[in-house]
Amino acid sequence: MSKRIPIFLSIILICIAVWLLLTPNKLVQGFIERLSNFGYDLQLRTRILTEHLTPTSPIVIIDIDDKSLEAEGRWPWPRSKLAELVNQLQNQGSAIIVFDMFFSEKEKNIAAMVMETLKEKNLLSSAIADALKKNTLLFDEDALFAKSLPANQTVLAFGFLPRVQTENLLPPPILVLTPKERQQLDIIKPLGYISNIPILEQAAKYSGFINIYPDSDGIIRRTPLILEYQGNIYPALSLQAVLLFLGEKITLVTPSYKNVKKLEGLQFGNHSISTDSKGQVLIPFIGKSYTFPYYSATDVLNNRLPKDVLHGKIVFVGTSATGENDIQPTAVQNPFPGVEIQATLVNGMLTDKFSYIPAWTQGANLILTILFGLIAACLFPYFGPRGLTIIIMLFPLSMLFINNMIWRSTGLILSFLMPVVLILAIAFLNIIYGYLFETRRREKLNDLFGQYVPKKHIDEMLKTKSNYGLYGEDREMSVLFADIRNFTMISEGLSASELVDMLNTFFTPMTEIIFNHRGTIDKYIGDLIMSFWGAPLKDKNHAQHAIESALQMQKKLKRMQSVFVERKWPEIKIGIGINSGTMSVGDMGSRFRLNYTVMGDAVNLASRIEGLTKFYGVDIIVTESTKKNQKKFVFRKLDQVQVKGKSKGISIYEVIDKQNNLTPELKNELVLYHKALNYYFEQQWELAFALIYQLHQIYPDKKLYLLYLDRIKEFKENPPPADWNGIYVHVTK
C-alpha cells in the first residue's frame, strides 16, 4: 500500500484541526466549545465514578421538599413559619443560615386585609377597626421573619438582572473598584437587580447573588463568584457565606500585564481561588445530587433531627420540591438541586479544591494537536487494522487517565479532546483507506492468481507488501510436470464429452493436492499439469512440498481407478518429473493476455525428466537438486543421464515413499540395487549383471532391472570408450 496518500490525507486533517482551533468564526468556536465541554463533562463524571469523593466541610442542607409541603402546607409558607424555622435552626446550634431564595415582595398583613374587606362591604365598625389596628403588628409576617434574622448570622439571596431594572435595596458591596480597574477588568457587569424587601435586607445584613450562567449548550459548569454593578463588587451567595463563616475579607488578585490589570483570582485569609478573567470558577462537583447531608424542613420545625447534627454547621435552606423550579442541568447530572450547587461551592472554597483551566491551555492544545497529528500521520500507515483498532480503543482511555492524574495532582484541567479526535480521525482514515486499498488489491490478486493458487494463499499474500506478478524475477523454486501416459490411445476410445469429463475428474483432485501443499498451478496443457512452488509466495521448503504433492497425486490416482472402472473409462497412469533451481517467474504474455508462469533451463529439465518416467518404468523422477537435503523421503538413484537439448549429465532419482513407510524388504532391495549400480558405473559388468539379475528374478515386472540387464549385455559385447563417465545420452524427449 502506498504510504504517501494516507500521510497526505492525514496532514490535511491536521490542517483542518489547526484551523478549527484558531479560526475566529463564531460557529466554529461554538463547535469547539461544545467539544471541549463534552471532554470536561466526561472527565468530571469519570473522576466522580472512580474517586468516590465525599464532602469534608461543615455543610448541611435543609430541604423544603415534597414531604415538608405535604406536612406544613403549600409554598410559599407564611414568613412566620420561616421565622420559626430560623429559630429552630438557631436553637440547634447552626453557625450560619443561608437562604437560597430571596423575598422581593411584602407579605400581606391579615389584619389589614380583614379591615380592607370589611370596609369594602361597609361592615367595618369603629370598634372593630380599633381592635384590628391595635393588633396589626401581631400579624406582620415580614416583621416576625425580620426579627428572627439578627439573632443568628443569616445570609439572604438576591439576583442581578440583564436589563435595566431595580427593585428594593442592594446590600453594601464588599469592594469598590477604581475607575482604572473598572475600565481594565473584565468582570461580568449586570444592568439591574432584584433584592429583598428593605426590612429583611436590613435585618439580615448579609446577602449574596444567586446568578449562575449556563454555557451555550444550556449546561451549568461554572459560575461567577463576584459581579460588578456600577463599580461595586458583590459576592455570590456561597462566597458571602464563606466570608461570614471565616470572618475574612476579600481581595482581588489582579496582576498587571503591560500596565493592564487582569483578574486571575480571589484571596481571603489563607485561601486562594483561581478564576477566569470574568471572575468565574468551575463548580467543584464531588458527586451527584444528595452528596451533602439533607434534612427535611418539617423535621426541623417539629424538632425531629438527631442531636447536634446542625451544631456549628453552615446551613443552606433551599427547595427541591416538585414544581418549585430550583432543579438545574449540570455537567455532573441533570437534574441537580440548585441549593446543592451553592453547598458545593462553599465546600470547594473551604477545602481549596477548585480546579481551573489555565490561560495557556489553548496554546498547549494547539501544540499537542500538531505533534500527535504528525506522529499519527507518519506511523499509522504502517499499522494494520488490528493495531489501529487497539489505538482507537486505548488512546482515548489513556488520555482520559492522564488528564485525571493531572487534575487530581495539580487541579489543572487540560483539554486533550481535539488531539484525541484528530488521532481517531487519522486512525479511521487509515483503516478505511487500507480497507479500500486491500479490496482493490484483493481483486487484483484474484484476477492474477485466482486460477493459480487457493484462496488462503491470496489471503496470505495480502498480508505482505510485495507487488506479486507485476515484474519478472529470478527465484530458487521447484517445478512439477505430471503427464497422463498413452493419452493418445486413451482419447481415441472416448467421445469428446467423455474425454472432457474424464480430464476434469482427474484434474480436480490433483489440483486440490497441489493447492494443499502450497503449490501454484501454472497451466493445463491437454493431459498435462504444470505447477510450481516458491511463487508467488516464497517457500523455503519448495522441494519438499513438490515431492509430497507428487506422492499424494500417485496415491490419489490409485484410489480413483475404481471410479474410472465404474464409469467405464480406461485406467490412467501418470508420470511426474520434478526439478529445482533458479527460474524466472512473473506475469508474462502480451497486452491482450497475460499468464503467471515460470521459464528457464530448470523448467525445461523438469519437462525432460517427466518424459523419462515411462522409459525407466517409474512414477516419479526428481533431479539431484530436488533430492538435496530431503531426508524425509526414500530415493532410488536411477541413472546419470544427458537429456535432449543438454550438454551436461545429471543424476536422476526415483521417489519411492516417505522414510517412515520404508519396509525391511524394500530397504534390502535398495541396498542390493545401489550396490549393483556402483558396479555398473565402475564397469564391473559381471558383478553388476549378477546382482541386477538376482533382483529381476525377485521383481520380474520392474522395467528398470530389465533395462539395465539389456544395457549391461550391450556394454559387454560393445564396451564403452575409455573416457566413459557413466552418462546415458537420451536422444528423444
Side-chain angles (χ1 to χ4, degrees), residues 1-23 28 31-43 45-46 364-405 414-450 453-471 536-538:
M1 182 175 72
S2 174
K3 306 299 185 295
R4 293 181 180 178
I5 295 177
I7 290 175
F8 175 73
L9 294 176
S10 298
I11 291 174
I12 291 177
L13 287 179
I14 296 171
C15 294
I16 293 173
V18 171
W19 177 79
L20 289 173
L21 290 173
L22 297 180
T23 181
V28 174
F31 168 75
I32 296 300
E33 181 184 348
R34 286 177 177 267
L35 201 62
S36 298
N37 287 338
F38 172 77
Y40 169 75
D41 295 349
L42 184 62
Q43 291 180 66
R45 296 186 185 195
T46 302
N365 199 17
L366 178 63
I367 292 172
L368 290 176
T369 298
I370 296 173
L371 179 62
F372 284 169
L374 289 175
I375 292 173
C378 295
L379 295 183
F380 283 8
Y382 296 92
F383 286 34
R386 185 175 300 175
L388 291 173
T389 302
I390 292 173
I391 290 173
I392 289 171
M393 291 189 296
L394 295 184
F395 185 73
L397 294 177
S398 63
M399 295 305 294
L400 185 63
F401 175 77
I402 293 171
N403 260 1
N404 280 333
M405 290 289 291
L414 303 179
S415 177
F416 288 161
L417 197 59
M418 180 58 80
V420 169
V421 170
L422 178 61
I423 293 300
L424 296 182
I426 294 175
F428 279 116
L429 167 69
N430 280 272
I431 289 176
I432 293 170
Y433 181 80
Y435 171 77
L436 295 176
F437 178 85
E438 183 175 301
T439 300
R440 293 196 305 270
R441 191 163 180 252
R442 179 183 292 276
E443 291 174 354
K444 187 173 183 179
L445 288 176
N446 272 324
D447 290 342
L448 285 173
F449 302 108
V453 299
K455 181 180 179 297
K456 65 178 182 178
H457 285 197
I458 293 178
D459 293 337
E460 191 173 342
M461 291 159 69
L462 286 168
K463 297 177 183 178
T464 65
K465 310 302 180 185
S466 301
N467 290 318
Y468 297 103
L470 296 181
Y471 309 104
L537 290 173
K538 291 185 178 180

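Side chains included, hydrogens not; waters and symmetry mates left out as well; all remaining heavy atoms used.
Rounding to the nearest 0.5 angstrom, the gap separating the CD1 atom in Ile391 from the CE atom in Met393 is 10.5 Å. From Met418, atom CE reaches atom CG of Leu368 across 12.5 Å, with rounding to the nearest 0.5 Å.
Summarising the geometry of Asn365 relative to Pro419, their closest heavy-atom pair is OD1-CD, 3.1 Å, with the distance given to 0.1 Å. Closest of all the heavy-atom pairs between Leu42 and Thr46 is O-OG1, 2.7 Å. Minimum heavy-atom separation, Ile7 to Pro381: CG1-CG, 3.7 Å. Contact between Ala17 and Thr369 at its shortest, heavy atoms only, is CB-CG2, 3.8 Å. Here the closest non-hydrogen pair linking Phe380 and Leu388 is CG-CD2, 3.7 Å. Residue Ile423 comes nearest to Gly373 through the heavy atom pair CD1-N, 4.3 Å, listed as atom of the first residue, atom of the second, then distance.
Inter-residue side-chain proximity for Ile5 and Tyr433 is flagged as met; some heavy-atom pair is nearer than 4.5 Å. Side-chain contact between Met405 and Phe401 is present, with at least one heavy-atom pair separated by less than 4.5 Å.
Not a single donor-acceptor pair under 3.5 Å links the side chain of Thr23 to the backbone N or O of Leu20.
With sequence neighbours left out, the side chain to side chain contact (heavy atoms under 4.5 Å, CB included) criterion links Ile14 to Val18, Leu374, Ala377, Leu422, Ile426. Applying the side chain to side chain contact (heavy atoms under 4.5 Å, CB included) criterion to Ile392, with sequence neighbours excluded, gives Leu424, Ala427, Phe428, Ile431.
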